[in-house]
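Below is one structure; the comments refer to it alone.
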Amino acid sequence: MAGLVAAFGSGAMTNSVPEFSEHTQCFLITGSNTSEAHPLVASHVMEAQERGAKIIVADPREIQMARFADIYLRFRPGTNVAWINGLMNVIISEGLEDETFVAERTEGFEELCQVAAEYTPERVEEISGIPADDLRAAARMYAAHKPAAILYAMGITQHTSGTDNVKSCANLAMLTGNMGVPGGGVNPLRGQNNVQGACDLGGLPNVYPGYQNVTVPELQAKFEAAWGVDGLSDQAGLKATEMIPAAGEGRLRALYVMGENPMLSDPDVNHARHCLEQLDFLVVQDIFLTETAQLAHVVLPGTSFAERDGTFTGTDRRIQRVRKAVEPVGESRPDWAIICQLAQRMDAHGFGFASPKEVMDEIAAVTPIYGGVSYERLEEVGSLQWPVPTTDHPGTPYLHAGKFSRGRGKFHAIEFREAAELPDDEYPFILTTGRLMFHFHTGTMTRRSEKLGQEVPEAYVEMHPDDAASIGLLFPRLRGGQRGGRVRVASRRGEIELSVRVTQRIRPGVVFIPFHFAEAAANALTNAALDPDSGIPEYKVCAVRVEAVGK
Ligand SMILES: Nc1nc2c(c(=O)[nH]1)N[C@H]1C(S)=C(S)[C@@H](COP(=O)(O)OP(=O)(O)OC[C@H]3O[C@@H](n4cnc5c(=O)[nH]c(N)nc54)[C@H](O)[C@@H]3O)O[C@H]1N2
Ligand SMILES: Nc1nc2c(c(=O)[nH]1)N[C@H]1C(S)=C(S)[C@@H](COP(=O)(O)OP(=O)(O)OC[C@H]3O[C@@H](n4cnc5c(=O)[nH]c(N)nc54)[C@H](O)[C@@H]3O)O[C@H]1N2
Ligand SMILES: [Mo]
């Protein structure tokens, strides 16, 4: 969000998933293992390819999408700014930019040109490992086919340069005039069913619902009036990743964790555990007794999605109803009801909602982008995409038509910076972490499924055959993901033991570990270095050592 707000004025996916199959002529997919993490989005991309759309995939791992791609760019993790500047270098030096769009709708082009000029394909090859001619071909393909959509996910954001990476994607889309048109845009594929909704409705430390900033006095006054209270804070709070160290230093004394399992999902979990143990009071509200809940003083059992009513807002700003299908288990209650009942016991006013429908009515009353949303309308039309300011507004499939939210779109001239921790003699490999199709995050849900467990029963590390040979793992060099022995992987922060899958999918010098497995937690290894603007951790790059164990 930080990067997109700076470039465009609002921080959400600019376009809609159905536009990909209908309109998009070229995809640049980077840092998104689309077919595993967003299979429905991937199927729209494949439909587009059937009618002739081009696909460029840029990813350090040869993911399934790379095999469908017209051009596949493989690079050293963490070098995103360099190769995206390189694409713009080629586009500008070959005159392939959209001059009219740049002149009429953007600012900062001169500065962008100066920086891009330094990133010749040959220099980018040195930094990233992408062959100069492949970069040229990708730049020409992306510029020639319109509309072109950029799809990205955590491979772009989970870096100390995450905000810079997002701004670079925004630069590229504006340079080629791919903004404000159906099938184009800059499209962060949001991860969870309702993470967009959580952000929209104030689950961020600096804004009220609808991205209304807490530091703006008129907005503060508006919410004080609506809620019948005085003295709402005009200060941004701590980000989630700032709370953990604050707990460790005693600056944060109590923490209420809802629907998150930081004991497995936070970077450098050994340190995170130490920090959480310093708290005076830890409350965890979850549907299972997770690793985090086991540390809590109080556990509040929530109901799962299937046991309650509400709405989810999906990745393309699409608000949809979710309906109760089964009865809640035991003493669990819906999350919204637990929060309201707690607030009432603290004598707070305004928490007497009888149902989620009434909560939505209040959301609509104070949140301009949700202003025209009601349960009645959702029943009638199925889904609405924000902004939907009034009850007769049809919703907004794509953003920034004719004008950016901030007026002119802003180019940011960005220099490449290396990741916070690079390989050296002691820790010679780059570790990158992420997901698998058959598990979800910390596995609280998917690891309870026998079928999913049969698909991927245990943790493993992906390693290139040359690297496996170099550490003395002896087995034939075969293609594919066959198992091959046990290894110990260590970083400056911790170590784990797990099995190896030797595969050419991964670049030499890089290893990949999925973070789903508590018994070999990837986050025992990761680096808690944060992006200075967004506070996102550098989950995608740290330095590790790999050693064979036993035989
Ligand atoms: N099955 C399943 N689906 C999921 C989830 C799940 O746990 N399981 N989680 C959901 C959530 S919350 C999210 S956020 C999404 C995440 O979805 P994705 O972001 O697609 O998933 P990741 O596996 O984290 O990593 C994405 C890709 O980034 C690449 N990568 C690594 N380093 C770099 C780099 O330096 N630059 C670039 N450009 N790419 C790099 C990796 O090789 C990988 O292919 O998935 C969602 N969908
Ligand atoms: N190394 C590494 N670490 C990562 C990442 C990575 O790529 N690499 N990705 C990061 C990303 S993008 C994400 S999104 C995070 C995910 O990290 P988390 O959000 O911590 O992981 P989940 O396992 O999805 O945890 C969600 C929790 O919510 C509970 N839950 C499910 N439904 C409900 C409900 O309705 N109500 C309540 N109260 N609880 C519920 C589940 O049981 C679970 O304990 O991980 C991050 N960590
Ligand atoms: Mo995520």
Side-chain angles (χ1 to χ4, degrees), residues 29-39 41-42 57-66 73-80 83-84 128 151-159 161-162 165 169 188-195 240-241 257-269 284-293 300-308 310 315 332 334-335 338 419 430-448 452 462 505-507 510 512-516 521-527 536-542:
I29 300 177
T30 184
S32 159
N33 185 357
T34 327
S35 63
E36 292 204 52
H38 294 92
V41 175
V57 169
D59 198 293
R61 293 163 57 223
E62 195 179 343
I63 50 172
Q64 192 184 24
M65 293 309 281
L73 307 176
R74 174 146 88 171
F75 53 91
R76 175 166 68 88
T79 58
N80 300 286
W83 65 261
I84 300 174
S128 70
L151 273 51
Y152 71 81
M154 295 301 114
I156 282 291
T157 54
Q158 288 174 341
H159 297 275
S161 57
N165 294 340
C169 291
L189 304 177
R190 309 263 2 211
Q192 292 135 324
N193 47 357
N194 197 30
V195 65
T241 46
V257 176
M258 181 167 63
E260 193 161 302
N261 187 12
M263 277 314 307
L264 270 189
S265 59
D266 263 26
D268 191 2
V269 281
V284 171
Q285 181 169 321
D286 205 288
I287 61 172
F288 292 112
L289 193 68
T290 61
E291 289 78 7
T292 311
L300 300 170
T303 57
S304 73
F305 70 95
E307 301 163 329
R308 60 167 193 247
T315 187
S332 65
D335 292 305
I338 298 176
I430 295 178
L431 168 67
T432 188
T433 63
R435 311 167 154 71
L436 304 173
M437 163 87 93
F438 291 107
H439 285 291
F440 194 79
H441 296 165
T442 70
T444 61
M445 297 173 281
T446 48
R447 294 202 78 197
R448 285 185 162 78
L452 296 176
E462 275 181 7
R505 266 163 55 105
I506 194 129
R507 213 177 171 269
V510 180
F512 166 77
I513 304 179
F515 76 107
H516 307 298
N523 281 324
L525 308 170
T526 49
N527 186 1
I536 202 168
E538 195 141 64
Y539 289 122
K540 294 291 186 260
V541 182
C542 73

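Basis for what follows: all heavy atoms, side chains included, without hydrogens, waters or symmetry-related copies. Order of listing sets the numbers, starting from 1, for every ligand and every atom in it.
Taking OG1 of T30 as the start and OH of Y152 as the end, the distance is 11.0 Å to the nearest 0.5 Å. Between M154 atom CE and L189 atom CG the span is 8.5 Å, to the nearest 0.5 Å. Atom-to-atom distance recorded for T241:OG1 and I536:CD1 is 8.5 Å, nearest 0.5 angstrom.
In this structure, atom 30 (N) of ligand 2 lies nearest to the protein heavy atom I287 CG1, 3.8 Å. Scanning all protein heavy atoms for the shortest distance to atom 44 (O) of ligand 2 gives D286 OD2, 2.6 Å. Taking atom 8 (N) of ligand 2 as the reference point, the nearest protein heavy-atom neighbour is T433 OG1, 2.9 Å. Looking only at protein heavy atoms, the nearest one to atom 36 (N) of ligand 1 is N80 OD1, 2.8 Å. Atom 25 (O) of ligand 2 has N261 N, 3.9 Å as its closest protein atom, hydrogens excluded (heavy atom only). Protein heavy atom in closest approach to atom 1 (N) of ligand 1: M437 O, 2.9 Å. With hydrogens left out, the protein atom closest to atom 20 (O) of ligand 1 is N33 N, 2.8 Å, a heavy atom. With hydrogens left out, the protein atom closest to atom 42 (O) of ligand 1 is D59 OD1, 2.5 Å, a heavy atom. Remark: minimum distance from atom 18 (P) of ligand 1 to any protein heavy atom is reached at A153 CB, 3.7 Å. Ranking protein heavy atoms by distance to atom 47 (N) of ligand 2, first place goes to S265 O, 2.8 Å. Of all protein heavy atoms, the one closest to atom 34 (C) of ligand 1 is G155 O, 3.3 Å. Among protein heavy atoms, the minimum distance from atom 2 (C) of ligand 2 is reached at Y539 CD2, 3.2 Å. Nearest protein heavy-atom contact of atom 23 (O) of ligand 2 is T442 OG1, 2.6 Å. For atom 39 (N) of ligand 2, the nearest protein heavy atom (residue, atom name, distance) is G259 CA, 3.4 Å. Ranking the protein heavy atoms by distance from atom 4 (C) of ligand 1 puts A37 O, 3.6 Å first.
The residue among L264, D335, N193 with a heavy atom at the shortest distance from atom 38 (N) of ligand 2 is D335. Here atom 12 (S) of ligand 1 lies nearest to H441 when heavy atoms of M445, H441, H159 are compared. Heavy-atom proximity to atom 40 (C) of ligand 1, evaluated over P188, P60, P77, is greatest for P60. Which of R435, Q158, M154, K540 comes nearest to atom 13 (C) of ligand 2 through a heavy atom is settled by distance: it is R435. Nearest residue to atom 26 (C) of ligand 1 from G78, G434, G191, G31 is G31 (criterion: closest heavy atom).
Contact analysis leaves F438 out of contact with ligand 1, as no non-hydrogen atom separation drops below 4.0 angstrom. For G302, the closest heavy-atom approach to ligand 2 does not fall below 4.0 Å. Ligand 1 lies out of reach of T446, whose nearest heavy atom is not under 4.0 Å from it. Using a 4.0 Å heavy-atom cutoff, D266 is absent from the residues neighbouring ligand 2. Using a 4.0 Å heavy-atom cutoff, R190 is absent from the residues neighbouring ligand 1.
Remark: ligand 1 atoms within the under-4.0 Å shell around heavy atoms of T432 are 31 (C), 32 (N). Listed by atom number, the atoms of ligand 1 under 4.0 Å from R61 heavy atoms are 41 (C), 42 (O), 43 (C), 44 (O). Of all the atoms in ligand 2, the ones that sit under 4.0 Å from a non-hydrogen atom of F440 are 24 (O). Short contacts between ligand 1 and Q192, defined as distances under 4.0 Å to a heavy atom of the residue, involve ligand atoms 12 (S). Shown in contact with R308 at under 4.0 Å from a heavy atom are these atoms of ligand 2, numbered in order with element: 34 (C), 35 (O). For ligand 1, the atoms lying closer than 4.0 Å to a non-hydrogen atom of H516 are 7 (O). Atoms of ligand 1 found under 4.0 Å from any heavy atom of I63 (numbered from 1 in listed order, with element): 44 (O). Near F75, the atoms of ligand 1 lying under 4.0 angstrom from a non-hydrogen atom of the residue are 34 (C), 36 (N), 37 (C), 38 (N). Shown in contact with F288 at under 4.0 Å from a heavy atom are these atoms of ligand 2, numbered in order with element: 42 (O). The ligand atoms of ligand 2 that sit less than 4.0 angstrom from a heavy atom of T303 are 34 (C), 35 (O), 36 (N). Those atoms of ligand 1 with a heavy atom of H38 less than 4.0 angstrom away are 15 (C), 17 (O), 45 (O). Taking every non-hydrogen atom of T290 and a distance limit under 4.0 Å, the qualifying atoms of ligand 2 come out as 44 (O).
In E36, the part holding a heavy atom less than 4.0 Å from any atom of ligand 1 is the backbone. Only the backbone of H439 comes within 4.0 Å of ligand 1, judged by heavy-atom distances. Of the heavy atoms in L436, only backbone atoms (N, CA, C, O) come closer than 4.0 Å to ligand 1. Contacts of N523 with ligand 2, taken as heavy-atom pairs under 4.0 Å, involve the side chain alone.
Just one of T290, N523, N261 meets the side chain to side chain donor-acceptor pair (under 3.5 Å) condition when paired with T442; it is N261.
Backbone and side-chain nitrogen or oxygen atoms of T30 are examined, and one is located within less than 3.5 angstrom of a nitrogen or oxygen of ligand 1.
Remark: the backbone N or O of R435 is not paired with any side-chain donor or acceptor of H441 at under 3.5 angstrom.
Between F440 and H516, the ring center distance fails the sub-6.0 Å criterion.
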